[in-house]
Every structure is written in structure tokens, then in C-alpha cells.
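Order of appearance sets the numbers: ligands from 1, and atoms from 1 within every ligand. We use all heavy atoms of the structure for the numbers below, so side chains are in, but hydrogens, waters and symmetry mates are not.
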Amino acid sequence: MSHDFDRLYEKSRIDSTAFWTEAASHIKWLKPFASVLDDSRAPFVRWFSEALCNTSENCLDRHVAAGHGDRLALIYDSPVTGVVAKLTYGELLDRVSRFAGALKKLGVGKGDRVIIYMPMVPEAVIGMLACARLGAIHSVVFGGFAAHELASRIDDAKPKLILSASCGIEPTRIVAYKPLLDKALELARHQIDHAVILERPQSPVALVAPRDLDWRAVEAMGELTAPTPVLSTDPLYVLYTSGTTGQPKGIVRDNGGHMVALAWSMRNVYGVSPGDVFWAASDIGWVVGHSYIVYGPLLNGNTTILFEGKPVGTPDAAAYWRLINRHQVKVMFTAPTAIRAIKQQDPDCALLPDHDISSLAALYIAGERADPDTVHWANRHLGVPVVDHWWQTETGWPITGNCLGLGLYPIKVGSPGRAVPGYQVEVVDEAARPLPAGAQGSIVVKLPLPPGCLPTLWGNDQAFVDKYLTEFPGYYKTGDAGYLDDEGYLYVMSRTDDVINVAGHRLSTGALEEVLAGHPAVAECAVFGANDELKGQVPVGLVVLKAGVTANPGEVERQLIDRVRDDIGPVAAFRKVAIVKRLPKTRSGKILRGTLQKMANGDSYSIPPTIDDPAVLSELAGALATLGFVPAQA
Ligand code: COA
Ligand code: AMP
């Protein structure tokens, strides 16, 4: 075991005040904190309370003031446009500071919300940091979500302004964002003052005055603007994520605790020093993008990479190796699904030897369960540790994971490692009693959560308590199930709720069911996740039509697929739907989604004793077979 890891873990457990005070010394505070942890309003706890600070200042000004203005801050590498552009810390500060000035002129100030619906271009990062500079709260919405999802976030966040672009670029098509934004604004009850639109050469855009403004014209009117001091506990951003219903949850992130935790994780978890190149191949619409494309690397003085491309198809399965070589990446972060995509196209990794990846010290993976085959494949070909680690939008930084900066302890493939300093992870039964090693149960984190984790849900303190803190008193409920082994390694096996993970993207089956149920011909439906070789899981829908509906079943299925694409977005990858006569239910009327999932996965299953009619299952086996599944016998 790593000596440093054990020592620091114990310190974080026994004297968390000393541990986090030391970590906080890496951040510039404009007024020192009165207490490290304020639990006077528990379960609502606050880190570094009463301190004043500014996240954009810590990401930019601090490094420039220390003489590192010429160091590369951001590399934009976009195989879909053929552009590679670089911004130093000095240049990024200048653009962020001016853009903050421009937003200020448009009336954006401390506490105002700004939605960012943008592709992976530097302006998106500039927008995020400019909001942070003003103390405005950004809420980034992933570009793969459609108008309806965007509208629900607009209504919840009630932004003053939206930052967007004319289009995103997918390998096979241009995704025009402006029509999606216009439709979302039609659907939303809340109305905004302005939409600032970045016109990209790939797609011109028609601006509707006076609401729509041209990004470049707006940026040009900005003057250099000093960072606004905010309280450590003021929100930096809200990021919506899927829960059990169609209503997304607004995860709140504060300023002070977030900075301390992320800066600590860059040095200690990922083991990078200022000046090192760190690359998280994710999207700024996800938490990985927030934490490890934008805030973490910049807080730590690293060079970060904004990659507008895919692991395959832009143009080939060597895209990752090419970038590691070109930019001398030291540590990379991606999702297992991306490695599976590369492995599928280039099984022998024949494209790798053309690229010198000797700068790479480790590959970190997260976002979904890492199958051992994929880990072994990457490890064999890259020749560096492949480190699985586990976390969630809610926590904002790793809960468990091997820490390169503290000296790696032995890796056990299949486990995302041991609890990271700051977290106490346990596995409990339904009565919140800790279970012995090897026993499977609900994975929980002992309260209080460390800095950086969500202090609440946006505008809904009660839902925060109800969803996360009530079922297991004294613990935060992660929604994952699994077990710990006798050396404290965690094994994450499944979710305990309706969340599924499609190509590393978190989706709610409840949200998908709401969309299907909205079709006029649908009486009832069930959506569950089935195993998929590339994406980990894909959603599957089984639908019962209303009595008397005579529509062509194939036509209805096509409409349902289009409906999910239009309402939730292409990211749902919803392609498997079948119309069936009945759904399997318990005698009390609960749909047996777990049994359906086992059937689709070809897993053995037993007929639940509570089922109202076992014959339904054999009927459904046929429907699942038409979708390409091979159900096992009960
Ligand atoms: N804007 C608009 N559309 C988007 C989008 C975006 N930002 N991102 C994805 N989409 C669309 C895709 O074009 C695709 O549409 P299609 O149905 O017309 O083909 C759909 O959403 C699904 O996209 P994706 O999940 O990317 O699947 P894919 O089959 O195109 O590619 C992978 C498969 C494995 C290559 C891809 O999922 C991937 O790179 N995954 C990495 C995941 C990741 O980074 N997760 C973040 C957590 S670390
Ligand atoms: P998200 O909030 O989108 O980051 O998704 C978080 C969820 O993804 C977790 O609760 C897990 O279900 C899953 N997840 C993330 N990382 C891992 C991992 N390393 N192993 C297994 N599941 C993971």
C-alpha cells in the first residue's frame, strides 16, 4: 500500500479540519474563512464559511500574477474543423476579463444565472469563467440534449441570458443549435433578456433582434473587468443531472469548497504539477468537463485540452494517441466506452505505434463500470497504469480511486479503488447497518460530505434531503450498489434507482418513459437499460398500445424513436422499442423492470413470486428476441 496515501487518508479521517486547512492554503482568499466546516445548519453544511474569493481569479489572475502568463492554459484541438489553437494564461485571462465586462454591460451580475448551450469551443470555457468572474451562476447544458430538455432547465434555472452557438459539429453532421434554442425558448415559460450567439463558419445564423446578439460584437464591447468577490458558499454553477423522474436535478456547486477539493485532486489524485498537460476527453456539458477540462486543471496551473472530436471517426481510431503525442499529455481521463470504441475499430491497436505516447503517465477512466477486458486491453497497449475511479455529478470529484500523486497502491482490475481522502465510503443494508466485506448493499458516504460536493439542489433544499440524506440516516446515498473487499477496495455493481449509463452519459429511464407515455397511442410502457458492447448500456422500451388503436405498429415504433430524439435528444441513443400486448407486473401493479432487464441481458432470472401472470414473460421473450436479445429461460 502507498505510505503517503494511507497517511493522508488517516489524517483526513481523524483531523479533517487540519487536512482541509492545509489544502485550502493553495487557494487565494480575498478574506479568510471563519471556520473550515460550518455544520450549524446540518444537514446543510458549508465549507470555508465567511471567506471571500473568486474562482476565475484563482484559475487565471493568480497564475499570471505569479509570472506564468506565458504558460499554455488551453489547447483547443478540433479534428472536426481542422483547427488547433492555443491560449496562454495571459491570453485566456484577457478574453475572460473582457467577456465578463461585456456580460456586465448586458446586465449580468452576482447571483444571476446564465445558461451555456455550446459545443466544445474555447468560447464556451470563456463564458463559464466570465460568469465565475462576475459571481454569476452558469448552467451548462450538454449539446446532445434537445429543445424540451433545454426548456426544462431554462424554467428551473431562470437565466438572465443564454450563451450559445450556431452549431455543433458531429462526425457525420452539423447540429444547428439555434433552431433548438429558439424552440426551447418557445417551450419555456421563463423568458430571457438576451441570447449571445457565436456564429461558426460551418453554419450561418439568423439573429432575431433585440433578443439575439452576435458573440463577437458583444465580446468587442467588453472592457477588462476585475473579479467580483463572492462568498465561498455562494454558488459557482448549477449542473442538471438525471434522477428518477423526467425532472432533472440541479446540482449546486459552491466556490470555495469546490476550488479546494479540485486543486487538491489535481495534485494528489491525478498527480500533475503546474505546467503539466492534463486532458479529460469529455464534454463541458458533463461534470467531468466542468471539473477536469475547466476548473481543476486551471486552478492547478495545468495546460488543459478542449477536444472537439470523438475517439473514433475523427478521422480514425488513433485520435487519442495523436493528441497525446502532439500535446505531450501527461495524464488523460476518458470513459471506458471510448476505449471500447477504439478497441472495436482497431483491436490490435495497430495505429498506436505511429504515435509517441511516452509523455503519458496514466490513463484515468470513469463514468460507468469499467469491464476488465477493456482495462486489460488499454493497459497492455498503452503500457501505463489504467486507473478506474468512481464518482458522480453530485460529488464533483472522485469518491474512490487510486491516487497517482500519492504513489499508486496495487490496482485490482474491476474495482475503482479505495475511498479517496475526504470520503468515508460504506456499504449498508436497508436499515443503514454497515455490511461486512464482500456483502453487497447500498453504497453510501458518511456525512459530512467533503468540500466540493453538492451543498443542496438548486431551489429545492427539501428534495436534497429527501433524495440523498433520508433513506440512510447519517449517510449520503450514492444510488449505487456494490461491495467493499477486506482491503477497502470498492466494487460498483449497479444502480439502485432508474438511472442508466449510456456511453458514459447518465440518463433516467423515468424520463424516457414519460416521453413514450406522452404518445397518444400509448397506454403504458417500461424502459430499462440492457447491456451493450460499445455503450455499456442502451435503453430498451416496451410499449402497450391503448385499446382500439389501429395504427401500424412499425409506424408507432418509429414515431416513439423520433419522439425521444426530439424531446430528450440524440444522446439518449433510443433505438430499441417494441409494442407488446402486456407488461409483466406484480399483483400490486408494479412493472417488473428488473426481470425484463435480466431477460434482455440473457441473465438467468427466476419468476418473481409476486408476479400476477407468469405467462406474460414468455410472450415478452419473443418481443425481446425481435430486438436482437437472447433471453435465457426462467
Ligand atoms: N451535440 C449534438 N449531438 C450530439 C452531441 C453533441 N454535443 N454529442 C453526441 N451527440 C449525438 C451524436 O451525434 C449521436 O447522434 P446520432 O444518433 O445521430 O448518431 C448521438 O448523440 C449519440 O452520441 P454518442 O453517445 O456520442 O454515440 P456515438 O455512437 O456517436 O459514439 C462513442 C459512441 C463511444 C464514440 C461516444 O459515445 C463517446 O465518445 N463516448 C465518450 C463518452 C464521454 O466522454 N462521456 C463523458 C463522461 S467521462
Ligand atoms: P454521472 O453523475 O453522470 O457522473 O454518473 C455517475 C454514475 O455513473 C455513478 O453513480 C455510477 O453509477 C456510474 N459510474 C461512474 N464512475 C463509475 C465507475 N468508475 N465504475 C462504475 N460506475 C461508475
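On a distance-only criterion, Thr241 and ligand 2 share no N/O pair closer than 3.5 Å.
In the model, Tyr320 has a side-chain atom that pairs as donor or acceptor with a side-chain atom of Thr334 under 3.5 Å.
When non-hydrogen atoms are compared, ligand 1 lies under 4.0 Å from the backbone of Ala281 (N, CA, C, O) but not from its side chain. Only side-chain heavy atoms of Arg173 come within less than 4.0 Å of ligand 1; its backbone N, CA, C and O stay farther off. Residue Arg575 touches ligand 1 through its side chain alone, judged by heavy-atom distances below 4.0 Å. Counting heavy atoms closer than 4.0 Å to ligand 1, residue Lys535 contributes side-chain atoms (C-beta onward) but none from N, CA, C or O.
Remark: distances from the non-hydrogen atoms of Trp391 to ligand 2 include one below 4.0 Å.
For atom 11 (C) of ligand 2, the nearest non-hydrogen atom of the protein is Asp480 OD2, 3.2 Å. Distance from atom 3 (O) of ligand 2 to its nearest protein heavy atom, with residue and atom name: Arg506 CB, 3.3 Å. With respect to atom 18 (C) of ligand 2, the closest heavy atom belonging to the protein is Glu368 O, 3.3 Å.
A cation-pi contact, defined as under 6.0 Å to the ring centre and within 45° of the axis, links Lys412 to Tyr489. A cation-pi contact links Arg153 to Phe145, judged by a cut-off of 6.0 Å to the six-membered ring centre and 45° from its axis.
Scanning Gly367, Ala366, Gly482, Ala370 for the heavy atom closest to atom 14 (N) of ligand 2 points to Gly367.
The aromatic ring centres of Tyr423 and Trp397 sit less than 6.0 Å apart.
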